[in-house]
Structure formats: structure tokens, C-alpha cells
Amino acid sequence: MSFDPHTVAAILTMALVTYVTRIAGIFLAGRLALAGRTKVAFDAIPAAVLVSVIAPVALATGPAETIAAGITAVSATRMPLLVTIAVGVVSVVLLRMAMG
């Protein structure tokens with residue numbers, strides 16, 4: 001195995017840019033005065049990131065996981081977080097048993 005200096009430089013540069021972006025976000029978020037639609041948009045960011053991580057896995061793994069993700073999404077609109085997590089876990093287990 002050999003190390004290409006261009007590859008190492010690219011990886012280190014990407015790591016540095018990622019780190020600077022995260023740190024800048026932390027420092028800037030505390031100094032911004034958010035109101036109205038901007039505050040609503042910023043409040044939606046964590047949910048959007050979570051969905052962007054979960055959706056590909058839920059849709060690519062199999063029908064039991066896809067159906068369980070739908071059940072969990074519906075329960076999230078009506079139930080507290082802990083109950084929603086339990087519904088998601090139980091539904092994926094039961095669906096895997098039934099389909100598998």
C-alpha cells in the first residue's frame with residue numbers, strides 16, 4: 001500500500017474545510033438574531049438532516065424497513081418521541097418476522 005501525497009492533501013483539506021464549517025456555524029448561530037420564517041427554517045434543519053440520513057436506508061434495505069419507516073413517521077405526528085421510537089422498533093421487528 002502506498003500513499004499518494006495528492007490524496008493525503010485532498011483528505012486533509014476536506015477535513016479542515018469540514019471542521020471550519022462546523023466551528024463557524026457554532027460561532028455564527030449564537031450571534032444571529034432569528035425571527036419569523038428564518039427561525040422556522042433554522043428549527044427545521046435537524047429534522048431535515050435526520051430524514052436525509054434515514055430515508056436512503058429505509059428505502060434501500062427492504063419492504064419491512066420501508067413499511068416500518070412509514071408507520072414510524074405517522075406515529076411521530078401523533079405521539080411523543082419515546083413512544084415513536086418504540087413503535088418504530090417494534091414495527092420493524094414484527095414486519096421482519098412476518099416477511100421473513
Side-chain angles (χ1 to χ4, degrees):
M1 183 168 137
S2 64
F3 291 101
D4 179 22
H6 296 292
T7 303
V8 173
I11 292 170
L12 291 176
T13 302
M14 288 187 287
L16 179 65
V17 169
T18 301
Y19 182 73
V20 168
T21 303
R22 288 176 185 239
I23 293 300
I26 291 169
F27 286 122
L28 290 176
R31 296 190 171 139
L32 295 175
L34 302 176
R37 295 176 77 181
T38 308
K39 182 169 179 8
V40 171
F42 269 74
D43 289 342
I45 290 173
V49 170
L50 187 61
V51 169
S52 71
V53 170
I54 293 172
V57 174
L59 298 175
T61 52
E65 290 79 7
T66 303
I67 295 167
I71 293 169
T72 306
V74 171
S75 71
T77 64
R78 305 182 189 320
M79 299 176 191
L81 180 61
L82 190 57
V83 176
T84 300
I85 292 169
V87 166
V89 170
V90 169
S91 64
V92 78
V93 167
L94 293 176
L95 286 165
R96 283 180 180 173
M97 286 173 36
M99 294 181 171

| query | Same cluster for Val51 and Leu59 if Ile/Leu/Val/Met/Phe/Trp/Tyr side chains link at under 4.5 Å? | reply | no

CD1 (Ile11) and CG (Leu16) are apart, to the nearest 0.5 Å, by 14.0 Å

Should Val92 and Met97 be counted in the same cluster of Ile, Leu, Val, Met, Phe, Trp and Tyr side chains packed under 4.5 Å apart? yes

Rounding to 0.5 Å, atoms CG (Leu95) and CD (Glu65) come to a distance of 8.5 Å

| said: I'd like to know if Phe42 and Val49 are part of one continuous hydrophobic network [Ile/Leu/Val/Met/Phe/Trp/Tyr, side-chain heavy atoms within less than 4.5 Å]. | reply: yes

The reported gap from CD1 in Ile67 to CZ in Arg96 (rounded to nearest 0.5 angstrom) is 12.5 Å

Residues at least two apart in sequence or cross-chain that pass side-chain contact (heavy atoms from CB on, under 4.5 Å) with Ile23, listed by chain then number, are Tyr19, Phe27

Here the gap from Thr38 atom OG1 to Asp43 atom CG, rounded to the nearest 0.5 Å, amounts to 10.5 Å

Output for pair (Thr7 OG1, Leu12 CG), nearest 0.5 Å, gives 11.0 Å

- Does the side-chain contact (heavy atoms from CB on, under 4.5 Å) test come out yes or no for Ser75 and Val83, once each step is laid out? CA-CA 8 Å; Ser75 71; Val83 176; over 6 Å; no

Heavy-atom nearest pair, Ser91 first then Ala68, reads OG-CB, 3.5 Å

